[in-house]
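Here's the structure, in structure tokens; my notes come after.
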Amino acid sequence: MTELTELTAVRLLDGYRKGEWSPVEAARAVLERAEAVQPEVNAFVRLTAEEALEQARESEERWRRGEPRGLLDGVPVTVKDILLQRGAPTLRGSRAVDPAGRWDEDAPSVAWLREHGAVFIGKTTTPEFGWKGVTDSPLSGITRNPCDPSRTAGGSSGGSAAAVALGAGPLSLGTDGGGSVRIPASFCGIFALKPTYGRVPLYPASAFGTLAHVGPMTRDAADAALLMDVIGHPDSRDWSALSAPAGPYTEGLAGGVRGLRVAYSPSLGGQVAVQPAVARAVRRAVERLAELGAYVTETDPDLTDPVEAFHTLWFSGAARVTQHLGPHQRELLDPGLREICARGARYSALEYLAAVDVRMDLGRRMGRFHDTYDLLVTPTMPLTAFEAGAEVPKGSGHRRWTGWTPFTYPFNMTQQPAASVPVGADADGLPIGLQLVAARHRDDLVLRAAHALYGARVASAGGVRPSGS
């Protein structure tokens with residue numbers, strides 16, 4: 001019997017067309033899985049079973065009439081609790097947010113999902129205001145890795161990654177300001193794309209400014225392309241949104257990698273210490289790209305670690321997002337968040353603008369790099385998932401989460417599309433991710449190359465079964 005929770009969105013939709021199963025059956029299966037995994041993994045802040053089943057019944061009736069609405073009619077989806085969803089409080093992982101609001105508006109990406117008939121299963125966990133690369137918060141506690149609950153799921157979209165990996169919905173919306181879809185995707189063994197900035201509109205505007213992206217978290221690249229065809233359109237509430245793409249991303253998936261110029265940087269020129277198992281898995285995947293016809297060169301982009309400039313931009317954003325809070329509300333905050341907010345509030349305008357200068361120069365250098373290379377490949381993370389409940393690995397010497405994420409945040413600064421593709425596991429069975437990066441506006445190349453890796457069975461769309469199943 002087909003296990004509906006293990007299917008991609010593309011396969012679910014094909015089954016709806018053929019009458020093999022229904023949206024109600026899929027919604028019930030996904031809700032049952034979500035409820036089963038929640039006590040151990042803690043991927044959700046809220047499940048909306050009653051609303052989901054009603055949406056699924058409406059979808060089932062449309063399919064019965066042969067009149068599906070949009071591209072995702074009846075597909076179960078989850079939404080990170082940073083993005084507004086009509087009828088559900090968006091608490092952003094914080095006890096300082098009052099749940100008794102109006103909550104009568106959808107974020108643009110959520111509105112597009114609703115327009116296309118998606119079934120909303122629930123809101124997923126986030127660290128407070130999405131501030132760090134692991135998912136725990138004073139509001140919802142610790143989100144754990146579906147492969148090993150003693151390990152972190154990563155963050156800040158850790159709940160979404162865990163939900164997708166465990167079959168609690170094949171599609172999820174995450175946000176990424178410094179790696180927040182790619183980090184948990186790498187740790188949990190799923191696919192995630194941080195699109196070119198502005199490709200997916202964002203409203204309300206993020207306090208982290210143009211570092212913040214909305215992106216798909218899925219079981220494979222084909223599902224991500226389908227989701228991008230839904231959410232990758234402008235919305236008048238986001239003045240920085242890009243115009244509509246030239247054509248569907250799904251139509252470009254089959255292009256493959258033959259003839260593409262691929263730069264492989266195993267450690268950004270020796271700047272990053274990468275665990276041996278990670279290095280081996282990524283190198284094997286790169287060799288497969290070469291076998292598929294890509295021209296692979298081992299080389300490094302011309303960049304030095306921009307972490308101090310990123311901190312200036314990121315910590316300032318954190319200070320801004322909490323600026324309105326009174327003394328009692330500040331006491332409710334994650335202590336680490338309070339610490340970076342205090343630091344961010346001390347930066348001067350000139351220091352902020354100096355960080356912008358670093359960012360602009362980094363963007364210029366990466367632009368020139370992509371004059372020569374279509375794609376850059378790196379590990380997504382230099383390590384596999386570490387202990388849950390910690391911001392940094394024990395004994396690492398790192399002070400903040402940016403110390404162990406050197407491959408991700410530079411490409412938020414440059415606004416480039418970047419994806420994490422699962423390409424193996426270490427000896428403990430913990431997933432390993434490969435990062436694909438392209439020039440701004442070339443999201444299609446990232447999706448094409450990722451799809452080629454799935455087609456070559458280098459990447460796997462297999463999920464994770466909950467304990468005891």
Side-chain angles (χ1 to χ4, degrees), residues 1-34 36-37 52-53 55-60 62-64 66-79 112-113 116-121 146 160-173 185 188-193 215-231 248-254 256 419 421-422 431 447-448 450-466 469:
M1 178 180 175
T2 299
E3 182 68 61
L4 294 179
T5 58
E6 296 179 3
L7 299 181
T8 65
V10 170
R11 182 68 184 96
L12 275 176
L13 289 164
D14 185 54
Y16 297 160
R17 292 186 194 98
K18 296 175 178 176
E20 296 175 333
W21 45 74
S22 74
V24 172
E25 290 173 316
R28 284 177 177 156
V30 165
L31 285 165
E32 182 179 336
R33 176 64 59 88
V37 303
L53 288 172
Q55 292 163 6
R57 284 189 286 268
E58 293 171 358
S59 171
E60 186 169 294
R62 291 191 294 270
W63 280 104
R64 187 192 65 78
E67 300 173 354
R69 185 176 77 197
L71 298 178
L72 295 176
D73 204 347
V75 176
V77 301
T78 59
V79 177
W112 281 117
L113 287 177
H116 282 259
V119 173
F120 292 95
I121 298 299
S160 288
V164 171
L166 287 163
L171 306 178
S172 193
L173 291 180
C188 295
I190 69 163
F191 181 82
L193 171 69
M217 305 183 73
T218 62
R219 296 174 72 83
D220 63 13
D223 270 11
L226 175 62
L227 186 47
M228 284 296 293
D229 285 345
V230 170
I231 65 176
Y249 289 107
T250 47
E251 290 185 1
L253 285 177
V421 185
L447 289 165
R448 271 175 52 193
H451 187 62
L453 288 172
Y454 278 98
R457 301 188 182 278
V458 175
S460 171
V464 178
R465 285 193 173 273
S469 66

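Numbering of residues begins at 1 and proceeds along the displayed sequence. All of these numbers come straight from a predicted model, not from anything done at the bench.
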Looking at [atom1] of [X] and [atom2] of [Y], how far apart are the two atoms once the value is rounded to the nearest 0.5 Å?
X: Leu53; Y: Ser59; atom1: CG; atom2: OG; result: 12.0 Å
X: Leu226; Y: Leu72; atom1: CG; atom2: CG; result: 5.0 Å
X: Leu4; Y: Leu12; atom1: CG; atom2: CG; result: 6.5 Å
X: Ile121; Y: Arg33; atom1: CD1; atom2: CZ; result: 13.0 Å
X: Asp223; Y: Tyr454; atom1: CG; atom2: OH; result: 9.5 Å
X: Arg11; Y: Glu6; atom1: CZ; atom2: CD; result: 12.5 Å

Using only atom types and a distance under 3.5 Å, with no angle test, would you say the side chain of [X] pairs donor to acceptor with the backbone of [Y]?
X: Tyr16; Y: Trp63; result: no
X: Glu25; Y: Ser22; result: yes
X: Thr5; Y: Gly167; result: no
X: Arg219; Y: Ala9; result: no
X: Thr250; Y: Ala225; result: no
X: His451; Y: Ala221; result: no
X: Arg448; Y: Gly256; result: yes

Heavy atoms only: give me the nearest [X]-[Y] pair and the separation to one decimal.
X: Ala224; Y: Leu447; value: CB-CD2, 4.0 Å
X: Ala165; Y: Cys188; value: CB-O, 3.7 Å
X: Leu193; Y: Ala419; value: CD1-CB, 4.0 Å
X: Ala56; Y: Ala27; value: CB-CB, 3.7 Å
X: Ala185; Y: Ala161; value: N-CB, 4.2 Å
X: Gly169; Y: Val30; value: N-CG1, 3.3 Å

Is there a side-chain contact between Val164 and Phe191 (heavy atoms, below 4.5 Å)?
->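 They are not in side-chain contact.
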Would you call Leu227 and Tyr249 a side-chain contact if the rule is heavy atoms closer than 4.5 Å?
->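 A side-chain contact under 4.5 Å is absent here.
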Test Pro170 against every option in Thr218, Asp220, Val75 by the side chain to side chain contact (heavy atoms under 4.5 Å, CB included) rule and name the one that passes.
->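 That would be Val75; it is the only one of Thr218, Asp220, Val75 passing the side chain to side chain contact (heavy atoms under 4.5 Å, CB included) with Pro170.
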